[in-house]
2 protein chains.
Amino acid sequence: MIHDEHKDIVSHTKEKMPPTDTLFELADFFKVFGDSTRIRIMCALFEQELNVCCIADIVGMEQSTVSHQLRVLRQENLVKVRREGKQSYYSLEDEHIQKIFEMGLEHILE
Amino acid sequence: MIHDEHKDIVSHTKEKMPPTDTLFELADFFKVFGDSTRIRIMCALFEQELNVCCIADIVGMEQSTVSHQLRVLRQENLVKVRREGKQSYYSLEDEHIQKIFEMGLEHILE
DNA sequence: TTATCATATGAATATTTGTTCATATGTTCA
DNA sequence: TGAACATATGAACAAATATTCATATGATAA
């Protein structure tokens, strides 16, 4: 049970927080960064666009695995695709992603 | 199989990428942000330190659930604890966290 | 059209993860 | 010391997730 002297803080905090739906969306967004395969795919795309089999080679996983994960990245608007003949070239959607990536790196390298 | 014209790009990308272990660590770090309960706990702590039962009330989950998740946050150095009598007061470890949080928010609110 | 290559997708499986219940630990106060 | 409270933790369970295999789809060139 909450102590009387804390009741104000609790209700104040509840008011100040973003809407719950927003926080759920935010969690879903970060969930995408929370997998090593996806992180490595995104990292590979920092340099330039790449097609699926190049990505698979770089991260050392099956083409199928990579395709599945690229779909996840697409669904959260983190990458976009460009078709060229038989190949699909993937690239990052925006630079936010690299920024977030770098802030994470900073944190763990402390 | 990788086309000849892509071989250079692939090896160049592999060289430029951070070590695989680092990327695995990074994924583990972001994994912590990828759960709505933990996101809401962190968000509650932006304002001020809070004890466990206040946090449980704010996020509307069991005390036990919150304790388990606070342990996860502690293990990744995202929060710190201060004991005061029977209570444990949790607060954020640094401001990185709020920055990352805000960048994520920016992205999803686009 | 048919063969071949690049990518996407469905189903199955194994693993990870979050939550709960029950209980242990630690702290204060009578 | 013992009762009451706050928090932590172990075990069990349910749900979510990543990967693989097999195969479908889409595109090119012979």
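Order of the sequence lines fixes the chain letters, A, B, ..., with proteins taken first and strands second; residue numbering starts at 1 for each chain. Just so we're clear, the structure is a prediction, and the values are computed from it rather than from any experiment. Computed over heavy atoms, backbone and side chain alike; hydrogens, waters and symmetry mates excluded.
The ring of B:His68 does not lie on top of the base of C:dT19; it is either too far (5.5 Å or more) or too tilted (30° or more).
Between A:Thr13 and B:Gln48, the side chains place a donor N or O and an acceptor N or O closer than 3.5 Å (distance only, hydrogens not considered).
When distances are taken from the side chain of A:Glu62 to each of C:dT20, D:dC21, D:dA27, the shortest belongs to D:dC21. For B:Arg71, the side-chain atoms get nearest to D:dT9 when compared with the rest of D:dT9, C:dA8, D:dA6. Nearest to the side-chain atoms of A:Asn51 among the listed nucleotides D:dA18, C:dT17, C:dT7 stands C:dT7. Distances from the side chain of B:Thr65 to the nucleotides C:dT27, C:dT20, C:dT17 place C:dT20 closest.
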Legend entry - Stepwise side chain to side chain donor-acceptor pair (under 3.5 Å) test for B:Ser67 and B:Gln63: CA-CA 6 Å; B:Ser67 267; B:Gln63 172 267 315; 3.2 Å; yes
Inset, instruction - Step by step, work out the side chain to side chain contact (heavy atoms under 4.5 Å, CB included) result for A:Gln87 and A:Arg83. - result: CA-CA 6 Å; A:Gln87 280 134 324; A:Arg83 259 272 177 184; over 6 Å; no
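For B:Ser64 against D:dT9, a side-chain N or O and a base N or O form a donor-acceptor pair under 3.5 Å. No donor-acceptor contact under 3.5 Å links the side chain of A:Gln87 to the base of D:dA27. A:Gln69 contributes no side-chain N or O that forms a donor-acceptor pair with the base of D:dA18 under 3.5 Å.
Side-chain N/O atoms of A:Thr37 include none lying less than 4.0 angstrom from OP1 or OP2 on D:dA18. OP1 or OP2 of D:dA18 sits under 4.0 Å from a side-chain N or O of A:Arg38. B:Tyr90 has no side-chain polar atom (N or O) that falls below the 4.0 Å cut-off from OP1 or OP2 of D:dA6. Proximity of A:Lys86 to the phosphate of C:dT7: no side-chain N or O atom is located under 4.0 Å from OP1 or OP2.
Rounded to whole Å, atom P of D:dC5 lies 17 Å from atom NE2 of A:His6. Note: CZ (B:Arg83) to C1' (D:dC5) measures 11 Å, nearest angstrom. At whole-Å resolution of the value, CD in B:Glu49 and C1' in D:dA6 are 15 Å apart. For the pair B:Leu50 CG and D:dT7 C1', the computed distance is 15 Å after rounding to whole Å. B:Asp35 places its CG atom 13 Å from the C1' atom of C:dT16, with the value rounded to the nearest Å. Going from atom CD of A:Gln63 over to atom P of D:dT23 covers 15 Å, rounded to whole Å. Counting to the nearest Å, the C1' atom of D:dA18 and the CG atom of A:Leu70 are 14 Å from each other. Residue A:Ile2 contributes atom CD1, which lies 15 Å from atom C1' of D:dC5 at whole-angstrom precision.
In this structure, B:His6 and A:Tyr89 have perpendicular ring planes: the angle between them is above 60°, well past the 30° mark. A parallel orientation is assigned to the rings of A:His107 and B:Phe29, their planes being inclined by less than 30° (bins at 30° and 60°).
Residue-level contact check: B:Ser88 touches the backbone only, with heavy atoms under 4.0 Å from sugar-phosphate atoms and none from bases.
Residue B:Lys14 qualifies as enclosed at atom NZ: its count of foreign heavy atoms under 6.0 Å is above 12.
For the pair A:Glu84 and A:Met61, both in contact range of DNA chain D, the more 5′-proximal nearest nucleotide belongs to A:Met61.
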